[in-house]
Amino acid sequence: MSPSVKPEALFPAPTELQSNRLARLDTQLRGSIANLNLSWVADMGIVAIPACLREAGDETLPFEARDLILIVLGNTLRKAGFREHPDARNNLVLPVLLQALDGKEPRVRRSAAFAARFVDDARLVPPLQPLLGGPDFVQEQAVLALGTSGREMEVLPIAKLFFETSSGKFRYSCLCSLATMCLRHGVDVASVLQQNAGSFGEKNLSNVESVRGRFVEFKIITALVRELSSSAATPRREADEKLHKLTGKQVPFDPAGDEAARARGIEEWQNYFLKDYWLVPPSSKS
C-alpha cells in the first residue's frame, strides 16, 4: 500500500469526544505509566486503531510505554474483531507489528506477538518463528500468534514444544494454537502428527497418538462448524445438533435466525472449541 495512504482513510472516524481523548494519548504515554489505565482505548474498538498504530510505531517512546501501547493495540484489535475480516487494513497494521517483533527489548517483542494474535496474515509468520526460541513469556505469545496466521509448516515446531514442556499452562496454549490453525484455516494437524510421529522420540509415541486422535475428532468438528455458515437452514440445524451430541454443550444458535444472530452463535461455538473443549477429557471409546 502507498505510504501516502493514512490509517484514517480506512477506519471509521471517532466522535469528537473520542478524538479529544485519543489526542491526549501521546502525552499520557510519555508520563508515568505505573498506574496508567488505558482500557478505555480498547473499549472504543476499531476507531481507536489508527491512534494506537501511531503510538506503537513511535520508537521515541520509552520501551515501557511501547510495551503498554502494543498490549492496548492487541486488545483494541480483539475488540474490533479485526482478524475475522482481514483486508487492506492489514497493510497498515503489519509494518508496526513487524517493527516491534524485531525490536531489541523482549517485553516489546512479547507485546507485539500478543497483538499479532488478533491479525490473520501470513506475513507475520517469519518474524514470529524465531520467537519460539525466546524467553518463556515471549515464546507463549508467539505460539498463540502463530495459531492465527500459521499453516502446516508451523504445526511441527509447536507440537514439539507441547511434548517438551512441563508447564500445563504452556501445553494448553500449544493446543489452543494448533486448534486455531485447524479451525480457522483447515490445517490437518492429525495428519502432520502422524507423518512426523518418529520425530517426537520413542517416549512420546503414545502421547503423540493420543493427541493425534483428538485432532482426528477435531477435524470432524471443524467441518461441522463450517456447516453452521451454510446458506440453507437444514444443514445449519443438522450441524448444530451433531455438535451438541458430540460435546453435550448447548449453544444458543438458531439455524433459522437472522445473519447477525447466527454469527454470534457461531462465534460462541468457535470460542468453545478454541478454549474449553481442550480442558474436557477425550470421550472414551467403547
Side-chain angles (χ1 to χ4, degrees), residues 78 80-87 117-122 125 143-156 158-159 162 171-197 207-286:
R78 173 166 51 185
F82 194 85
R83 67 180 170 190
E84 310 307 324
H85 308 283
D87 54 27
R117 289 168 52 182
F118 309 105
V119 180
D120 187 348
D121 199 299
V125 172
V143 162
L144 291 166
L146 284 169
T148 300
S149 295
R151 300 296 191 273
E152 282 80 2
M153 292 296 292
E154 282 60 64
V155 171
L156 190 56
I158 292 174
F162 170 85
R171 188 176 295 116
Y172 174 70
S173 294
C174 291
L175 277 178
C176 289
S177 177
L178 296 173
T180 302
M181 290 183 209
C182 188
L183 190 61
R184 290 185 60 84
H185 300 300
V187 173
D188 192 343
V189 174
S191 177
V192 175
L193 293 176
Q194 183 175 29
Q195 294 169 15
N196 296 276
N207 290 331
V208 172
E209 180 56 27
S210 175
V211 174
R212 188 196 70 81
R214 290 214 72 180
F215 275 100
V216 168
E217 294 177 352
F218 197 68
K219 184 177 180 181
I220 297 170
I221 285 169
T222 58
L224 292 172
V225 172
R226 286 194 292 271
E227 281 294 296
L228 297 176
S229 300
S230 174
S231 59
T234 297
R236 294 198 296 260
R237 182 176 61 256
E238 291 175 349
D240 184 56
E241 291 173 353
K242 289 177 181 177
L243 288 171
H244 173 61
K245 289 178 181 177
L246 283 170
T247 64
K249 182 174 176 62
Q250 189 67 57
V251 165
F253 175 79
D254 181 3
D258 61 38
E259 187 174 353
R262 296 201 312 272
R264 288 193 294 272
I266 291 171
E267 182 179 10
E268 189 164 338
W269 268 123
Q270 289 176 330
N271 287 336
Y272 171 73
F273 287 122
L274 294 176
K275 297 176 182 177
D276 295 346
Y277 172 81
W278 301 98
L279 298 175
V280 179
S283 57
S284 59
K285 298 291 187 294
S286 56

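This is a predicted model, so every value here is computed, not measured.
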Check: Pro235 main-chain N/O paired with Ser230 side-chain donor or acceptor under 3.5 Å: no

Whether the Glu238 and Thr234 side chains hold a donor-acceptor pair (N or O, under 3.5 Å, no angle test) is what I'd like checked. no

Hydrogens and angles aside, do His185 and Asp120 bring a side-chain donor and acceptor to less than 3.5 Å of each other? yes

Inter-residue atom distance Arg117.CZ - Thr180.OG1, 0.5 Å rounding: 9.0 Å

What are the two closest heavy atoms between Ile266 and Ser229, and how far apart are they? CD1-OG, 3.4 Å

More than 12 non-hydrogen atoms from neighbouring residues, nucleotides or ligands closer than 6.0 Å to CD on Glu267, yes or no? no

Please tell me if the side chains of Tyr272 and Trp278 come closer than 4.5 Å, counting only heavy atoms from C-beta onward. no

Validation row: Val251, Lys249 side chains within 4.5 angstrom (heavy atoms): yes

Straight-line distance of Asp240 CG to Leu224 CG, nearest 0.5 Å: 10.0 Å

Closest non-hydrogen atom pair between Arg212 and Ala190, with its separation: CG-O, 3.4 Å

Rounding to 0.5 Å, atoms CD (Glu217) and OG1 (Thr247) come to a distance of 12.0 Å

I'd like to know if Arg184 pairs up with Glu84 as an ion pair, taking the criterion as any Lys NZ or Arg NE/NH1/NH2 lying under 4.0 Å from an Asp or Glu carboxylate oxygen. yes

Can you confirm whether Leu274 sits close enough to Cys176 that some side-chain heavy atom of one is under 4.5 Å from a side-chain heavy atom of the other? no

Output the distance between atom CG (Leu228) and atom CD (Gln270), rounded to the nearest 0.5 Å. 8.5 Å

Okay, side chain of Glu154, backbone of Arg151: is any donor-acceptor separation there less than 3.5 Å? yes

Closest approach of Val192 and Leu156, non-hydrogen atoms and distance? CG1-N, 4.4 Å

Under 3.5 Å, side-chain donor or acceptor atoms of residues 254-265 against the rest of the protein: list the pairs with distances, not counting sequence neighbours.
residue, atom, partner, partner atom, Å
Asp254, OD1, Ala256, N, 3.0
Asp258, OD1, Ala260, N, 3.2
Asp258, OD1, Ala261, N, 2.7
Arg262, NH1, Gly257, O, 2.8

First locate atom CZ of Phe215, then atom CG of Asp188, and finally report the distance between them rounded to the nearest 0.5 Å. 10.5 Å

Residue pair Tyr277 / Arg214, side-chain heavy-atom distance below 4.5 Å: yes

I would like to know whether Phe273 and Thr222 meet side-chain contact (heavy atoms from CB on, under 4.5 Å); could you show each step before the answer? CA-CA 9 Å; Phe273 287 122; Thr222 58; over 6 Å; no

Hey, does the side chain of Ser149 reach the backbone of Val119 with a donor-acceptor pair shorter than 3.5 angstrom? yes

How far does CG of Leu175 sit from CG of Leu279, to the nearest 0.5 angstrom? 9.5 Å

Any side-chain to backbone donor/acceptor pair from Ser177 onto Gly147? Under 3.5 Å, distance only. yes

So, for Leu144 and Ser173, which heavy atoms are closest and what is the spacing to 0.1 Å? CD2-O, 3.6 Å

Do Leu178 and Phe162 make a side-chain contact, defined as non-hydrogen atoms from C-beta onward lying under 4.5 Å apart? no

